[in-house]
S.K.: 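Quick one: the structure is below, questions incoming.
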Amino acid sequence: MEEDFTFAIIKPNAVRNKHTGPILARINEAGFNIAAMKMLSMSRLQAEAFYDVHRGKPFFDGLVEFMSSGPVVVMILKAENAVEEFRKLIGNTDPAKAEEGTIRRLFAASLQMNAIHGSDSPENARKEAGFFFSGFERFWS
Ligand code: UDP
Ligand code: MG
């Protein structure tokens, strides 16, 4: 089952600040279909596993602490060219460099607390979705 999807996380700062609703509205308005979604809290160990590619970098410990600091909303988003289009919608990792109107520009508190995650490739979307959603949950559409 090859589907065009990406995987996203509304990060703890955005959930805490009641930005979940406005962010979901923007995602829908941009044409994405929310195929699966849930709210949960990540343990430190789970956040470490999710960001394993960044292990050893100077920002890793702070990132893990932040991502396990409160509830997040995880979701699978369907659209044509989903990975690339969603990265455009969220904007640059650094909100100061993110284009006007992007989700990070609008809702990020800092480079670390940048409100939202979006997978950077279809392979990683599949891998990351697999951390949070079972096979049955991914029988969307
Ligand atoms: N991050 C950080 N400091 C940095 C770079 C990244 O705190 O100097 C955090 C930020 O939350 C970012 C996440 O680590 O979203 C993953 O970094 P990546 O370079 O993969 O950026 P992304 O793919 O999220 O745009
Ligand atoms: Mg990344």
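What's counted below: heavy atoms across the whole structure, side chains too, no hydrogens, waters or symmetry copies. We count ligands from 1, going down the list as the structure has it; atoms in each ligand are counted the same way.
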S.K.: Below 4.0 angstrom, N of the basic side chain to O of the carboxylate: do Glu123 and Arg126 qualify?
M.R.: no
S.K.: Can you list the atoms of ligand 1 that are under 4.0 Å from a heavy atom of Asn114?
M.R.: 10 (C), 11 (O), 12 (C), 15 (O)
S.K.: If we only count heavy atoms from C-beta on, is the Glu99 to Asn92 side-chain gap below 4.5 Å?
M.R.: no
S.K.: Report, in ascending order of atom number, the atoms of ligand 1 lying under 4.0 Å from any heavy atom of Arg87.
M.R.: 22 (P), 23 (O), 25 (O)
S.K.: Could you tell me whether Lys18 atom NZ has more than 12 heavy atoms of other residues or ligands within 6.0 Å of it?
M.R.: no
S.K.: Show which atoms of ligand 1 fall inside a sub-4.0 Å distance from at least one heavy-atom site of Leu111.
M.R.: 3 (N), 4 (C), 8 (O), 10 (C), 11 (O)
S.K.: How close does the nearest protein non-hydrogen atom get to atom 9 (C) of ligand 1, and which residue and atom is it?
M.R.: Leu63 CD1, 3.7 Å
S.K.: If you have a sec, work out which protein heavy atom is nearest atom 1 (N) of ligand 1 and how many Å separate them, to one decimal?
M.R.: Phe59 CD1, 3.6 Å
S.K.: Have a look at Val74 and tell me which of His117, Met39, Lys38, Glu128 forms a side-chain contact (heavy atoms from CB on, under 4.5 Å) with it.
M.R.: Lys38
S.K.: With rounding to the nearest 0.5 angstrom, report the CE to OG distance, Met42 to Ser69.
M.R.: 9.5 Å
S.K.: Please write down residue, atom name and distance for the protein heavy atom closest to atom 16 (C) of ligand 1.
M.R.: His54 NE2, 3.6 Å
S.K.: For the residue pair Phe133 and Phe7, does the interplanar ring angle fall in the parallel (under 30°), tilted (30 to 60°) or perpendicular (over 60°) class?
M.R.: perpendicular
S.K.: Give me the residue, atom name and distance of the protein heavy atom closest to atom 24 (O) of ligand 1.
M.R.: Arg104 NH2, 3.0 Å
S.K.: Does a sphere of radius 6.0 Å around NZ in Lys127 hold more than 12 heavy atoms from other residues, nucleotides or ligands, not counting ones at 6.0 Å or beyond?
M.R.: no
S.K.: Under 4.0 Å from a heavy atom of Gln112: which atoms of ligand 1 are those, numbered in the order shown and with their elements?
M.R.: 7 (O), 10 (C), 11 (O)
S.K.: Using a 4.0 Å cutoff against the non-hydrogen atoms of Thr93, which atoms of ligand 1 qualify?
M.R.: 12 (C), 15 (O), 21 (O), 22 (P), 25 (O)
S.K.: I'd like to know if Met113 contacts ligand 1, where contact means a heavy-atom distance under 4.0 Å to any ligand atom.
M.R.: no
